[in-house]
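Beneath this line is the structure, given in structure tokens, with notes to follow.
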Number of protein chains: 2
Amino acid sequence: MNSSASTKERILTAAEALFAQRGFEGASLRQLTAAAGVNLAAVNYHFGSKDNLVEEVFKRRLDQLNARRLAALKQVAGHPETTLDDVLAAFIRPALDLSHDGGGGLFMRVLARAFAEHDDSLRKFLSENYGHVMRQFTTEFARLLPQLSKEELYWRIDLVTGALTHAMSGFGIIQRKSDVSEITHREQTAAHLIRFAAAGLSHP
Amino acid sequence: MNSSASTKERILTAAEALFAQRGFEGASLRQLTAAAGVNLAAVNYHFGSKDNLVEEVFKRRLDQLNARRLAALKQVAGHPETTLDDVLAAFIRPALDLSHDGGGGLFMRVLARAFAEHDDSLRKFLSENYGHVMRQFTTEFARLLPQLSKEELYWRIDLVTGALTHAMSGFGIIQRKSDVSEITHREQTAAHLIRFAAAGLSHP
DNA sequence: AATGAAATCAAACGATCGTTTGAGCATACG
DNA sequence: CGTATGCTCAAACGATCGTTTGATTTCATT
């Protein structure tokens, strides 16, 4: 279809969509290359193996998402006037933006699949490429919620993570009402998630 | 006749564990039957197909889980003195109990996998066998939270579902501290989840 | 135009998948 | 006892999987 894009990019885009729909094992290289309009052998030529392709699909979006989240966090972390909502916005808004621009509408669903997979190698890869972000956010949450024990804080962050991952994996489907502009709809969605997460984190 | 029931049960138990670990497509019938100590052909003989086996794995636990949840809900639904915590307890406690007795420790992880799968036939099956439970709980939530619009309520229930599914899928791993009895640990876990869910549902 | 590296292609590789087969075994009933 | 029925078993089926191969095409550089 998109013959202007490079073969590598077309494979990555088709893989992202197919992984979101059928899973990492359910999507075959033959379906994938047919959808991308490239030869079957192109995957092993450009990526070496299917497992490497899976990692590259994650890296392409995750590097961007991590950078945006950390940049947003840096602007509020440590400041005395920073609120819980500010930190949550730094975590949530970049994911929402990724879903609407940059063509990453299906990536959050791929990420949710990866969270559900309890495969060790995939979890290790995610931990190496995602863990430092969660760690920095956790530090800031701990600063803003000093009344919580470490155990209590980890519990709540885990639950919030589950809620947000679940919700964001549905972004591909949820359609805004036609009488609301996209930017308004995105603001409303962000407000929903932020208020829910703040309530779950800071309840007495 | 009795030996067939034994073979069936062994297949179901091995399938539950292997589906939790490797996913529905990742677990092969050869791994599965080897783990169960039965012949390869036994799956197709007793269940007809692998897809039918997947459904039977769900049915075995889901029928019990649904029955317990609805029974607990029935005891509190509609009563004027019922609180949000009561309804949430009716939803959460049966899942916790299933994880600790009856050998269903891995089932919640299988269920979480199924939620992450966006496969149409599996979602249809879950909707048919799980939807009526969610519908009854939603009705009771709506009664106890009359200040929320329908749209707002659905948003919050969806987020709570994501959080609980995520948390419960980890039950197989989380170990209680040795100085806490299992029943105390279960109570503490239930209290965590109920308070978090109540905060997320009822925040201003 | 000639050259050589990079990219694409059709075809085939061995492995593994879910499923089927037909013979053999067990147990219950006339 | 003989036989029917339910179950188990090793073996094989065709299909599909990820991967590899070697020839061919593409294309920038000389």
Side-chain angles (χ1 to χ4, degrees), chain A residues 1-60 110 113-114 117 119-122 124-125, chain B residues 1-60 110 113-114 117 119-122 124-125:
Chain A
M1 267 299 194
N2 192 2
S3 55
S4 66
S6 72
T7 298
K8 271 184 110 168
E9 283 297 321
R10 275 191 293 175
I11 291 175
L12 286 170
T13 300
E16 185 175 78
L18 220 56
F19 288 160
Q21 189 190 348
R22 301 202 195 272
F24 306 109
E25 308 209 51
S28 75
L29 293 187
R30 284 170 179 80
Q31 298 171 328
L32 204 157
T33 50
V38 304
N39 187 269
L40 168 62
V43 170
N44 283 276
Y45 177 79
H46 286 284
F47 297 95
S49 70
K50 185 183 181 180
D51 283 345
N52 274 353
L53 171 61
V54 172
E55 293 196 358
E56 290 298 321
V57 167
F58 277 106
K59 273 196 175 169
R60 179 172 69 151
V110 179
R113 265 191 188 274
E117 303 263 350
D119 175 78
D120 281 342
S121 63
L122 190 55
K124 186 186 168 196
F125 172 83
Chain B
M1 188 161 87
N2 288 346
S3 63
S4 100
S6 165
T7 298
K8 271 183 113 167
E9 282 298 318
R10 276 193 301 191
I11 291 175
L12 285 170
T13 300
E16 185 175 77
L18 220 56
F19 289 159
Q21 189 191 349
R22 303 204 195 270
F24 305 109
E25 309 209 51
S28 76
L29 293 187
R30 284 169 179 81
Q31 297 172 329
L32 203 158
T33 50
V38 303
N39 186 269
L40 168 62
V43 170
N44 283 276
Y45 177 79
H46 286 285
F47 297 95
S49 69
K50 186 183 180 180
D51 283 344
N52 274 354
L53 171 61
V54 172
E55 293 195 358
E56 289 298 321
V57 167
F58 278 106
K59 273 196 178 171
R60 179 172 69 151
V110 179
R113 265 190 189 275
E117 303 263 350
D119 176 78
D120 280 342
S121 63
L122 190 55
K124 186 186 169 197
F125 173 82

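Since the structure is predicted, the reported quantities are computational estimates derived from the model, not experimental observations. Below, read A as the first sequence line, B as the second, and so on, with proteins coming before strands; counting in each chain starts at 1. Side chains included, hydrogens not; waters and symmetry mates left out as well; all remaining heavy atoms used.
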Report task. Let me know the distance between CG of Asn39(B) and P of dT20(C), rounded to the nearest Å. Result -> 15 Å

Query raised in the report: What is the distance from CZ of Arg30(A) to C1' of dT19(D), rounded to the nearest Å?
Result: 9 Å

Query raised in the report: Phe19(B) has an atom CZ; how far is it from atom P of dG18(C), in whole Å?
Result: 9 Å

Quick test: give all pairs of protein nitrogen or oxygen and nucleotides 26-28 of chain D nitrogen or oxygen below 3.5 Å, distance rounded to 0.1 Å.
none

Report summary line: Rounded to whole Å, CD of Glu25(A) lies from P of dC17(C) at a distance of 10 Å

Query raised in the report: Would you call Arg22(B)-Glu25(A) a salt bridge at under 4.0 Å N-O?
Result: no

Query raised in the report: Would you say the side chain of His46(B) lies within less than 4.5 Å of the side chain of Leu12(B), judging by non-hydrogen atoms?
Result: no

Query - Rounded distance (nearest 0.5 Å) linking atom OG1 of Thr7(B) with atom CG of Asn39(B) - result: 10.0 Å

Report summary line: Heavy-atom closest pair (Ser28(B) atom, Leu18(B) atom, distance to 0.1 Å) is O-CD2, 4.4 Å

Query raised in the report: OP1, OP2 of dC17(C) versus side-chain N and O of Ser28(B): anything below 4.0 Å?
Result: yes

Query raised in the report: Whole-Å distance between dG18(D) P and Leu29(A) CG?
Result: 4 Å

**Report entry** Heavy-atom donor-acceptor pair, Arg113(B) side chain to Ala20(B) backbone, under 3.5 Å
**Finding:** yes

**Report entry** Heavy-atom closest contact (Ser49(B) atom, Asn44(B) atom, distance)
**Finding:** CA-OD1, 3.7 Å

Report task. Would you name the heavy atoms of Val110(A) and Glu16(A) that are closest together and state the gap between them? Result -> CG2-O, 3.4 Å

Query - Closest non-hydrogen atom pair, Lys50(A) against Phe24(A) - result: NZ-O, 3.0 Å

Query raised in the report: For Leu32(B) and dT16(C), what is the distance between atoms CG and P respectively, to the nearest whole Å?
Result: 17 Å

Requested in this report: In whole angstrom, give the distance that lies between atom CD of Glu9(A) and atom P of dA7(C).
Outcome: 14 Å

Report task. Return the residues of residues 43-52 of chain A meeting this criterion: a heavy atom under 4.0 Å from some atom of DNA chain C. Order them by number, or give none. Result -> Tyr45(A), His46(A)

Report task. Compare side-chain N and O positions of Thr7(B) against OP1 and OP2 of dT8(D) and report whether any pair is under 4.0 Å apart. Result -> yes

Query raised in the report: What pair of heavy atoms forms the shortest contact from Gln31(B) to Gly26(B), and how long is it?
Result: OE1-O, 3.6 Å

Query raised in the report: Which atom names give the shortest non-hydrogen contact between Ala5(A) and Glu9(A), and what distance separates them?
Result: CB-CB, 4.3 Å

Requested in this report: Using atom CG of Leu40(A) as one end and atom P of dG22(D) as the other, report the distance to the nearest whole Å.
Outcome: 17 Å

All N/O pairs under 3.5 Å across the protein-nucleotides 21-24 of chain C interface:
none

Query raised in the report: Distance from Asp120(A) atom CG to Phe125(A) atom CZ, nearest 0.5 Å?
Result: 15.0 Å

